[in-house]
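So you know, we letter chains A, B, ... as the sequences are listed, proteins then strands, and number each from 1.
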Amino acid sequence: MPETKLKKLPIAKLRTALRTWYQESGRDLPWRQTQDPYAIWVSEIMLQQTQVKTVIPYYQRWLAQFPTIASLAAAPQQDVLKVWQGLGYYARARNLHRAAQQVVADWDGTFPEQFDQVMSLPGIGRTTAGGILSAAFNQPTPILDGNVKRILVRLLAIQQPPKKVLADLWEASTALLDPEYPREFNQAFMDLGATLCTPKQPQCDRCPWRSDCQAYRHQLQTTLPMTEQKAPVPHKQIGVAVIWNDQNQILIDKRPQKGLLGGLWEFPGGKVEPQESVEDCIRREIKEELGIEIGVDDHLITVNHAYTHFKVTLMVHHCHHIQGEPQAIECDEIRWVTLAELDEYPFPKANQEIIAALRASKQPAPKG
DNA sequence: GAGTCGTGGCC
DNA sequence: TGGCCAAGACT
């Protein structure tokens, strides 16, 4: 069905109009100042599900610390996660790190130019591969990110959720891509979605494609793309322990590589069971996870945090070590550290709020 | 193929 | 201010 819609599009006219608009109104972004495939690769990974404004400072710090693929490959994972700290979706950093090691091992540190080889790297899917190859090497590889999906759904007035018509959208992105200027075209495509064809209140009056946009023609631009209904997110109550020993050190643990916040450090704790007090929960969880007995003391802070598919309330208490040698039972590693040393470890956002509270209160270790 | 995976900006 | 969404990939 979209094939007929595609055939009606004046593709040459659209390409020219977009290119003209881009040369006047395109964004000047840091990763467009270079054709280094590594720098472009880093930007593409950081930009997954993340806004440009958020990425820019991380991108600059990253390249300052890891200027080459070889330097990234040689770095300890903890250093990599520390630079990524706060950016979220930490599998991106772990995969980027692994992929750099793969590039060093397989291609002597030179980023590949073949699509299949690029796709074989962890963390790089079809859109990211297309984005890198078009930006770095000017290859005519199509993309289908959130911006492009939204533009195409509106341009073609597709009245189905984008997830249902991915194959059609890829076909459209491929058909539109300008084979003479693939680098400019893909960048212009995304800029159009990011600056004019926005999710809310699109600026159709400034759009180079307005006269051919089926959504605009039928005044559907604010109702498309159709959204799928989302399930309500669960809310978990978590008891968290800041465990002090008699040397004024705090016990932290490293989360397993797989799963949420993998490879990051945290203050140990766990889910409060029905009818269970927070204090009982903390004692039980610490016994289960670390194999030690603790005493639960004053409340430090309560932190609310929203993840993508659930919410948590962290109820944090000062605690003191009573007996037993801590063991890494349900985590990768455990360590006693001072308050000052916490800065050396990558922590997720919710735990950073706990650290800030610790420093603000400057509460000494309660003596057991 | 539906769930999983973070955080900040925006209104 | 709570919900939506962002240059998606992986299982």
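Put simply, the side chain of A/Asn138 gets close to the backbone of A/Arg183: a donor and an acceptor are under 3.5 Å apart. With A/Gln85 contributing its side chain and A/Phe347 its backbone, the two residues share a donor-acceptor pair below 3.5 Å.
There is a side-chain donor-acceptor pair under 3.5 Å between A/Thr313 and A/Asn304. Side chain to side chain, A/Arg92 and A/Thr50 meet the donor-acceptor criterion of an N or O pair below 3.5 Å.
A/Glu273 and A/Lys271 are not joined by a salt bridge, as no carboxylate oxygen comes within less than 4.0 angstrom of a charged side-chain nitrogen. Using a cut-off of 4.0 Å between Lys/Arg side-chain N and Asp/Glu carboxylate O, A/Arg15 and A/Glu180 are scored as not salt-bridged.
Residue A/Lys230 is classed as a sugar-phosphate contact, given heavy-atom separations below 4.0 Å to backbone atoms only. If you check every strand for non-hydrogen atoms under 4.0 Å, A/Ile45 touches nothing. Among the atoms of the strands shown, only primed sugar atoms or phosphate atoms (P, OP1, OP2) are found under 4.0 Å from some heavy atom of A/Lys53. Residue-level contact check: A/Gly262 touches neither bases nor backbone, having no heavy atom under 4.0 Å from any strand.
Where A/Tyr58 and A/His309 each meet DNA chain B at their nearest nucleotide, the meeting point lying more 5' is that of A/His309. Residue A/Gly259 is the one, among A/Gly259 and A/Thr54, whose nearest nucleotide of DNA chain B lies closer to the 5' end (criterion: closest heavy atom).
For the P atoms, the distance from C/dA7 to B/dC11 is 15 Å, rounded to whole Å. Separating the C1' atom of B/dG6 from that of C/dA6 is a span of 12 Å, rounded to the nearest Å.
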Identify the pairs formed between an N or O of the protein and an N or O of nucleotides 7-11 of chain C at a distance under 3.5 Å, and give each distance.
unit_1, atom_1, unit_2, atom_2, d
C/dA7, OP2, A/Asn147, OD1, 2.8
C/dA7, O5', A/Asn147, ND2, 3.2
C/dA7, O4', A/Asp145, OD2, 2.5
C/dA7, N6, A/Trp31, NE1, 2.8
C/dA7, N1, A/Arg27, NH2, 2.9
C/dG8, OP1, A/Gly146, N, 2.8
C/dG8, OP2, A/Gln49, N, 2.8
C/dG8, OP2, A/Gln49, NE2, 3.0
C/dG8, O5', A/Gln49, NE2, 3.4
C/dG8, O3', A/Thr128, OG1, 3.4
C/dA9, OP1, A/Gly125, N, 3.0
C/dA9, OP1, A/Gly125, O, 3.4
C/dA9, OP1, A/Thr128, N, 3.0
C/dA9, OP1, A/Thr128, OG1, 2.8
C/dC10, OP1, A/Gly123, N, 2.4

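With a 6.0 Å radius and a threshold of 12 heavy atoms from other residues, nucleotides or ligands, A/Arg27 has its CZ atom above the threshold.
Taking a heavy-atom distance under 4.0 Å as the criterion, the stretch of DNA chain B touched by chain A extends 5' to 3' from B/dT4 to B/dC10.
Ring centers of A/Tyr307 and A/His305: under 6.0 Å apart, within the cut-off. Checked against the 6.0 Å centroid threshold, A/Tyr58 and A/Trp84 do not count as a close aromatic pair.
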